[in-house]
Peer 1: 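Just dropping this structure here.
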Amino acid sequence: MQQTSLKKLRVLLAACLLGFGAWGASGFSTPADWTERIIQALEKFTSNYPQEKVYLHLDKDYYAAGETIWFSGYVTLNDLPAYGARNLYAELRDSRGVVVQKELLLIYDGGAAGEFTLAENTKPGLYQLRAYTAWMLNFDTTFMFFKNIQVFDPKTGKAGETAAPKDYSVQFFPEGGDLIQDVSSAVAFKAIDENGYPIKVAGVVRDSKGNQAAVIETLHDGMGSFELKPAPGETYKAVITNAAKQEKTFALPAVKASGIALKVYNRGQRIFYLTGFNGLGADQNQMLLIAQMRNQVIYKADLNVSEGKVSGLIPANNLPTGIMQLTVFDQKGTPLSERIVYVKGKTDSLEFFLDPQELNKAPRMRTELVLQVPDSMRGRISASITDADQVAFDPNANNIISHTFLTSDLKGYVHNPYWYFRNDSASTLQALDLVMMTNGWRRFSWQEILQDKFPTIKYPYEQGVSITGKAMSTARQPLTSGNVNFLVRIPKDSSQNFLSAPVKPDGTFELNNLVFGDTALLYFQGQMDAKKNRDVVVEFDRHFFDVYAPVKTPVPLLPPPPMDNRILKNYLSTVMEGNSVNRMITNRTIQLKAVDVNARKPTAAETTSSRYASGMFSSDNGYTFDLTNETPTNFNVFQYLQARVPGLQIQGDVSNPTLSWRGGAPGVFLDQMPVDVGTVANIPMADVALIKVFRPPFMGGMGGANGAIAIWTRRGGDSRPDPNARKLELLKKGGYRIIKEFYSPDYAVKKAQHELPDKRLTLFWSPNLVVDTISHTARMIFYNNDQTKNFRVVVESMDQFGRVGRVEKYF
């Protein structure tokens with residue numbers, strides 16, 4: 001189906017190309033060899049380096065500590081669902097670029113579900129969600145998916161510190177790329193403050209003699225343009241003033257004595273282009289203009305300066321919506337001038353109808369919404385229902401529509417991208433054209449692909465979890481043959497399997513396309529020649545996702561627009577109450593109207609703690625985890641404790657994490673002796689019998705002022721070695737994240753926890769709605785909380801042909 005859809009798209013674009021033969025200043029003549037070389041270079045790039053994109057639909061725009069970030073991922077290859085992809089990587093990073101959480105998600109039918117749980121002690125501030133595939137790492141990483149997230153402290157209302165902007169800058173972008181002497185050109189500009197926000201500015205352009213050459217005035221979101229015809233030998237500067245009356249001077253790009261400038265007039269159904277030039281040599285009389293969309297040539301025209309063939313038009317009435325790139329080449333294949341244009345053409349989007357089957361806004365009453373989908377649709381649909389009065393939203397934020405048709409193909413930050421899809425008025429289209437002129441399009445470089453300089457493929461197109469490494473002799477000489485044999489156990493489902501990886505002549509080996517959830521225990525042994533040899537040394541490669549290095553973001557960390565104080569106050573108050581309820585559920589202590597319902601507390605003789613802990617370590621002031629009858633699948637103690645202890649924050653690399661609890665670092669003890677974090681991080685979970693986390697202050701040893709984490713290793717009676725894995729070495733390999741189930745109470749069934757207050761703000765979340773293929777409907781059934789009066793429903797989707805759709809409705 002994917003190949004068929006891609007063919008349809010190519011047929012459409014090819015038809016557009018053929019249909020343009022009668023248009024333009026010069027029409028089409030038989031192409032020379034140099035023109036064919038340009039087209040063939042693009043075809044080679046398109047065939048060998050398909051473009052993968054990622055988009056995430058979140059249940060809300062912002063969060064508070066203690067909440068869960070729910071998201072649904074959409075992955076495409078050449079703008080069609082990436083049915084062959086398996087691995088989606090998601091990271092949550094703080095304002096310093098430090099990765100605080102990350103997960104590997106399994107892609108199925110072009111989509112994946114994920115979630116990040118924010119601990120109650122998560123520091124307020126700006127965070128950024130980044131999502132990508134390994135294949136995308138081979139190209140410009142600015143095309144990954146980025147989403148800014150504001151995290152509030154529900155207790156204090158703090159949202160982190162954002163420095164008040166004290167400075168600003170203005171960038172200038174001549175149309176076509178360069179300012180050419182004696183050639184009139186449009187010059188676009190973008191003004192931003194030091195936080196990355198667009199700002200309004202005004203000013204003038206002056207030449208070297210101080211004469212005014214143009215007026216500068218912001219049109220939309222810090223952008224504007226002016227006309228300039230550079231005089232011979234002149235230099236230009238802009239004198240700019242912001243709203244705070246702060247005046248600054250910026251130099252405009254240098255003027256070139258010769259060259260060509262491409263000027264474009266976008267009239268919707270027709271796109272006119274005009275080439276202005278000065279000082280061209282005789283060998284530059286003949287040129288070629290190429291227009292491409294989605295890496296497909298949709299128009300080309302021979303230009304001849306000596307014959308006056310320097311302009312033309314491109315009919316756009318049959319083109320799909322998206323970004324078109326126009327480039328002028330000389331006979332050497334050198335790109336001379338370039339411009340990107342937004343085509344608001346035919347949008348074959350999905351249409352939905354959303355209506356209530358049963359609508360009840362009373363506390364804890366049942367509601368059923370019915371989504372009618374197109375009969376032919378097969379694809380992914382994600383849906384979120386939130387409290388419309390307590391959860392504010394940004395109507396202009398990036399969504400699946402603006403991402404698919406605009407931001408996923410632009411290099412650079414676009415502020416409020418969905419604003420450009422509000423209507424087709426002249427002012428909106430003018431502002432959208434400024435986005436084209438001030439943001440680069442660099443999926444590839446013509447200069448490089450024409451010289452056969454293609455991207456280096458360092459990361460393969462992943463279709464599962466891979467385990468790679470090298471097998472060597474004890475003298476560290478690579479094995480030239482043999483195998484590395486594995487006993488693979490998956491504790492999550494108690495499955496096991498035997499696998500063997502052949503050793504290549506250079507000593508390397510690999511196991512590819514493994515699919516397992518949570519963590520796998522890999523018992524391995526090298527085999528030299530025909531018999532096992534325990535003297536074989538096996539070393540494993542470290543996957544890029546196992547590295548917790550800070551990443552510099554290409555997208556500015558920007559908070560959401562200011563919210564109504566009343567809405568924010570109510571929201572944070574509700575989150576704080578909800579966190580309290582969650583703690584009660586986690587501790588399994590539910591306060592009923594007249595009765596305390598508690599799990600029976602075992603006697604000291606029944607607990608593992610009584611056999612291991614002594615003195616102050618036997619205290620019950622904290623949290624106890626008995627692992628003697630558990631098979632933990634985590635890498636180490638710190639990964640095991642993540643999100644299990646309210647208030648305990650474990651950040652950074654789990655091999656050397658930073659610990660924080662109630663304002664300070666807790667002490668760490670191994671078998672009741674103080675140790676450093678690294679010592680505990682290297683202990684296999686199979687050797688751990690008991691973990692106790694003591695609330696501060698802990699008086700059992702030095703360093704307990706901020707609480708303590710105590711670990712005990714297994715003793716003889718609690719050790720349970722695997723009889724099948726004797727004499728084998730062990731490697732733990734992280735697999736796909738197992739996503740917890742979204743909590744949606746069913747008040748038709750009485751449960752003890754239903755006596756607790758219901759403070760949910762996300763009432764319904766589904767990363768992939770189930771569609772009835774007979775009635776072509778998807779149903780959203782949920783129960784209201786205790787306070788919501790109005791519902792906001794957001795549905796986003798993508799079908800098997802890459803068509804996207806979005807519904808936003810209030811009830």
Side-chain angles (χ1 to χ4, degrees), residues 52-63 67-77 81-82 85-95 97-119 122 126-137 141-151 380 382 384 398-400 403 407-408 459 462-465 515-519 543-555 557 635 639 642-643 650-654 734-742 765-768 796 798:
E52 206 164 32
K53 301 177 184 179
V54 172
Y55 168 76
L56 300 186
H57 174 202
L58 278 63
D59 66 312
K60 295 189 304 184
D61 287 343
Y62 57 90
Y63 298 85
E67 291 192 295
T68 297
I69 301 172
W70 300 95
F71 61 87
S72 179
Y74 293 79
V75 185
T76 60
L77 185 69
R86 286 291 176 268
N87 296 2
L88 176 62
Y89 300 96
E91 301 170 351
L92 184 65
R93 303 178 297 157
D94 65 16
S95 58
V98 176
V99 177
V100 295
Q101 292 188 53
K102 59 166 55 179
E103 56 190 40
L104 168 61
L105 304 169
L106 177 62
I107 302 172
Y108 179 74
D109 279 351
E115 48 90 7
F116 286 117
T117 299
L118 301 175
T122 299
L126 289 171
Y127 290 77
Q128 195 170 76
L129 186 58
R130 182 174 80 150
Y132 57 94
T133 64
W135 182 253
M136 294 171 69
L137 293 174
T141 56
T142 59
F143 287 102
M144 294 178 179
F145 176 84
F146 295 90
K147 170 75 174 179
N148 290 325
I149 295 175
Q150 180 79 64
V151 176
R380 188 176 188 85
S382 52
S384 170
N398 202 19
N399 57 42
I400 198 168
H403 175 84
T407 58
S408 64
Y459 303 96
E462 295 182 328
Q463 294 182 294
V465 177
V515 178
F516 57 88
D518 203 64
T519 305
H543 193 268
F544 68 83
F545 201 59
D546 296 330
V547 179
Y548 277 75
V551 180
K552 186 176 180 180
T553 174
V555 177
L557 279 163
F635 289 110
Q639 190 186 51
Q642 280 183 331
I650 301 173
Q651 296 182 331
D653 190 342
V654 293
Y736 297 103
R737 172 71 178 272
I738 297 177
I739 306 303
K740 67 183 180 181
E741 184 179 357
F742 177 79
W765 166 254
S766 174
N768 193 12
E796 296 193 336
M798 176 179 291

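Remember, it's a predicted structure, so these values are computed and weren't measured experimentally.
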Peer 1: If you look at every heavy atom in Met144 and Ala131, which pair is closest and at what distance?
Peer 2: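 So the minimum-distance heavy-atom pair works out to CB-O, 3.8 Å.
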
Peer 1: With a 4.5 Å heavy-atom cut-off, do Arg737 and Leu104 have their side chains touching?
Peer 2: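 Heavy-atom side-chain distance check fails, nothing below 4.5 Å.
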
Peer 1: How long is the straight-line distance from CZ of Phe145 back to CG of Leu129, given to the nearest 0.5 Å?
Peer 2: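 It is 6.5 Å, given to the nearest 0.5 Å.
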
Peer 1: Do Leu105 and Phe71 have side chains that approach each other closer than 4.5 Å (heavy atoms only, starting at C-beta)?
Peer 2: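 Of all side-chain heavy-atom pairs linking Phe71 with Leu105, at least one is under 4.5 Å.
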
Peer 1: Does atom CZ of Phe544 have more than 12 heavy-atom neighbours from other groups under 6.0 Å away?
Peer 2: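 Atom CZ in Phe544 is crowded, with more than 12 foreign heavy atoms closer than 6.0 Å.
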
Peer 1: On a heavy-atom basis, which atom in Leu88 and which in Ala112 lie closest, and how many Å separate them?
Peer 2: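 The answer is CD2-CB, 3.9 Å.
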
Peer 1: For Glu52 and Ala82, which heavy atoms make the closest approach, and how far apart are they?
Peer 2: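 Closest pair (atom of Glu52, atom of Ala82, distance): OE2-CB, 4.0 Å.
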
Peer 1: Passes side-chain hydrogen bond (donor to acceptor under 3.5 Å, both in side chains), Tyr132 versus Glu91? Steps please.
Peer 2: CA-CA 9 Å; Tyr132 57 94; Glu91 301 170 351; 2.7 Å; yes

Peer 1: With rounding to the nearest 0.5 Å, note down the distance linking CG in Asn148 to CG in Asp61.
Peer 2: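 Interatomic distance, Asn148 CG to Asp61 CG, rounded to 0.5 Å: 11.5 Å.
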
Peer 1: When rounded to the nearest 0.5 angstrom, what is the spacing between CZ in Arg130 and NZ in Lys102?
Peer 2: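 If we round to the nearest 0.5 Å, Arg130:CZ and Lys102:NZ are 8.5 Å apart.
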
Peer 1: Checking side-chain contact (heavy atoms from CB on, under 4.5 Å) between Tyr63 and each of Leu58, Thr68, Thr122, which is the one that passes?
Peer 2: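 Result: among Leu58, Thr68, Thr122, Leu58 is the only option passing the side-chain contact (heavy atoms from CB on, under 4.5 Å) with Tyr63.
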
Peer 1: How long is the span from the CD1 atom in Ile400 to the CZ atom in Arg380, to the nearest 0.5 Å?
Peer 2: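 Spacing of CD1 (Ile400) from CZ (Arg380) equals 10.0 Å.
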
Peer 1: Do Phe116 and Glu103 make a side-chain contact, defined as non-hydrogen atoms from C-beta onward lying under 4.5 Å apart?
Peer 2: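 Yes, side chains in contact.
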
Peer 1: First locate atom CE of Met136, then atom OG1 of Thr142, and finally report the distance between them rounded to the nearest 0.5 Å.
Peer 2: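 Those atoms lie 9.5 Å apart.
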
Peer 1: Just by distance, do the side chain of His403 and the backbone of Val54 share a donor-acceptor pair under 3.5 Å?
Peer 2: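 Between the backbone of Val54 and the side chain of His403 there is a qualifying donor-acceptor contact (under 3.5 Å).
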
Peer 1: Taking side chain as C-beta onward, heavy atoms only, is Tyr736 less than 4.5 Å from Val465?
Peer 2: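 Answer yes - side chains close enough.
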
Peer 1: So how far is it from Ile69 CD1 to Ile149 CD1, rounded to the nearest 0.5 Å?
Peer 2: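 Answer rounded to 0.5 Å: 4.0 Å.
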
Peer 1: Between Tyr55 and Thr76, is there a side-chain donor-acceptor contact under 3.5 Å, judged purely by atom types and distance?
Peer 2: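 Judged by distance alone, the side chains do not pair up.
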
Peer 1: Quick check against the 3.5 Å criterion: does Gln101 have a side-chain atom that pairs as donor or acceptor with the backbone of Thr117?
Peer 2: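 Yes: the side chain of Gln101 pairs with the backbone of Thr117.
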
Peer 1: Heavy-atom distance under 4.5 Å between the side chains of Phe742 and Ser766, does that happen here?
Peer 2: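 When only atoms from C-beta onward are counted, Ser766 and Phe742 do not touch, as no gap falls below 4.5 Å.
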
Peer 1: Is there a donor-acceptor pair closer than 3.5 Å between any side-chain N or O of Asp94 and the backbone N or O of Tyr127?
Peer 2: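 Between the backbone of Tyr127 and the side chain of Asp94 there is no qualifying donor-acceptor contact (under 3.5 Å).
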
Peer 1: Write down the atom of Tyr62, the atom of Gln150, and the distance for their closest heavy-atom approach.
Peer 2: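 Minimum heavy-atom contact is CB-O, 3.6 Å.
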
Peer 1: Between Gly464 and Arg86, what is the shortest heavy-atom contact and its length?
Peer 2: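 Where Gly464 meets Arg86 most closely, the heavy atoms are N-CB, 3.5 Å.
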
Peer 1: Where do Ser382 and Trp765 come nearest, in terms of heavy atoms and distance?
Peer 2: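 Where Ser382 meets Trp765 most closely, the heavy atoms are CB-CH2, 4.5 Å.
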
Peer 1: Could you tell me whether the side chains of Tyr89 and Glu462 share a donor-acceptor contact shorter than 3.5 Å?
Peer 2: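 Side chains of Tyr89 and Glu462: pair found under 3.5 Å.
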
